[in-house]
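The structure presented is a predicted model; accordingly, all values stated were derived computationally and were not measured. Keep in mind that the numbers below use all heavy atoms, side chains included, and drop hydrogens, waters and symmetry copies. Lettering of chains follows the sequences in order, A, B, ..., and the numbering in each one begins at 1.
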There are 2 protein chains.
Amino acid sequence: MAQKEERCARELLEVVPIIARFIRTEMRRHRALGLTVPQFRTLAFTERTGGTTLGGVAEHLGLTPPSTCKIVDGLAARELITRLQSPRDHRKVNLQITAVGKRVVADARRETHKGLASILSSLDQRELERIMQSMRALRMVFIGETVHANT
Amino acid sequence: MAQKEERCARELLEVVPIIARFIRTEMRRHRALGLTVPQFRTLAFTERTGGTTLGGVAEHLGLTPPSTCKIVDGLAARELITRLQSPRDHRKVNLQITAVGKRVVADARRETHKGLASILSSLDQRELERIMQSMRALRMVFIGETVHANT
DNA sequence: TATTGTTATACTCTATAACTATA
DNA sequence: TATAGTTATAGAGTATAACAATA
């Protein structure tokens, strides 16, 4: 056995990169927004947590601190995020999404959802339901694996 | 209506990047092989088609010719692929996977499958079946969308 | 003139190594 | 001494624009 895992793995390896590329392109298409996927995820995480640190973002994204730092650099330069020394521990940096950041991430989310939904519209309700259940199952196992923490 | 598409889109937008990152990391982990995802996909496509052209790969990956050219540069430098002027149309370049390329892509595929399958092993048979069906449905709609052609 | 591929240039992602400031 | 973050450096992905060779 473990044969079904094997076949399932093959499907994921074929299909996930295709959808990932679609998302990336869609995210980039709306030029006024112009977010990359990690930038989008960083903004969304910072908003969802109501503020975090660089280390928190790094763990969420599964990236090293230097990589994360550069992504945050870009967001801070565009004033989508603020970066302030933590008063409790001066080594830490508190990240907060700005009002503009909130608007941009909401717009990017809406536009990307629209692009995805338009493709999904050719599937019937049963298939959509199945995909949602699959995504929930995958999220659980992959998030359990891909270190995570909110600091 | 269109509400289920919308929720399904949201799930995809959350979960796909996580799995994509896992695949990328897994692909890179086995350093002897050291393939990136587009390199892997290029090799796999070249092998599957029994030979293709640069334009063929570009369409398959959904990338521009210059981007594709650079990816092929890297593969050719490592002698995983050969690049020869087409005898019928001298503008075209025929790509062929080499023996070493075949070995490398097979190893990368096996290792990545192993990594994915080990995570999937915590899911039961019913869930795995559902994921496979979902992936097949998604592949159909996204490949229909993401231009494709084999030259 | 249109097509195929390449080169030039530029930006982002991502990593490792080395460094600064703070605890 | 250990931790949080940054800077330096480097390789790969990706795009647009400009170009060469061929049809």
Of A:Cys69 and B:Ile71, whose closest DNA chain D nucleotide lies nearer the 5' terminus?
->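 The residue whose closest nucleotide sits nearer the 5' end is A:Cys69.
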Mind checking which nucleotides bracket the chain A contacts on DNA chain C, 5' to 3', with an atom under 4.0 Å from a heavy atom?
->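 Taking any atom under 4.0 Å from a heavy atom of chain A, the span is C:dT12 to C:dA23.
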Assign a letter to each nucleotide of nucleotides 15-23 of chain D from its 5' end: B, base within under 4.0 Å of a protein heavy atom; S, sugar-phosphate only; -, no contact.
-> BBB----BS
With sequence neighbours excluded, residues passing side-chain contact (heavy atoms from CB on, under 4.5 Å) with [X]:
X        : value
B:Thr36  : B:Pro38, B:Gln39
A:Arg41  : A:Val37, A:His60, A:Leu61, B:Pro17, B:Ile18, B:Arg21
B:Ser118 : none
B:Ala76  : B:Ile81, B:Arg83

Looking at residues at least two apart in the chain, or sitting in another chain, which of them share a salt bridge (charged side-chain N to carboxylate O under 4.0 Å, His left out) with B:Arg48?
->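 Checked B:Arg48 against salt bridge (charged side-chain N to carboxylate O under 4.0 Å, His left out); zero matches.
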Sequence neighbours excluded, which residues qualify as salt bridge (charged side-chain N to carboxylate O under 4.0 Å, His left out) partners of B:Arg91?
->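 By the salt bridge (charged side-chain N to carboxylate O under 4.0 Å, His left out) rule, B:Arg91 matches B:Asp89.
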When the distance from [atom1] of [X] to [atom2] of [N] is rounded to whole Å, what number comes out?
X       : N      : atom1 : atom2 : result
B:Leu35 : D:dG13 : CG    : P     : 10 Å
B:Arg78 : D:dG11 : CZ    : C1'   : 12 Å
B:Met27 : D:dG11 : CE    : P     : 22 Å
A:Leu84 : D:dG5  : CG    : C1'   : 14 Å
A:Leu54 : D:dT3  : CG    : P     : 17 Å

Residues in side chain to side chain donor-acceptor pair (under 3.5 Å) with B:Glu47, at least two apart?
->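 Partners of B:Glu47 by the side chain to side chain donor-acceptor pair (under 3.5 Å) criterion come out as none, since no residue qualifies.
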Assign A:Pro65 to base, sugar-phosphate, or nothing according to its heavy-atom contacts below 4.0 angstrom with the strands shown.
->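 Base contact.
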Are there more than 12 heavy atoms of other residues, nucleotides or ligands under 6.0 Å from atom CD of B:Gln85?
->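 Count over threshold, so yes.
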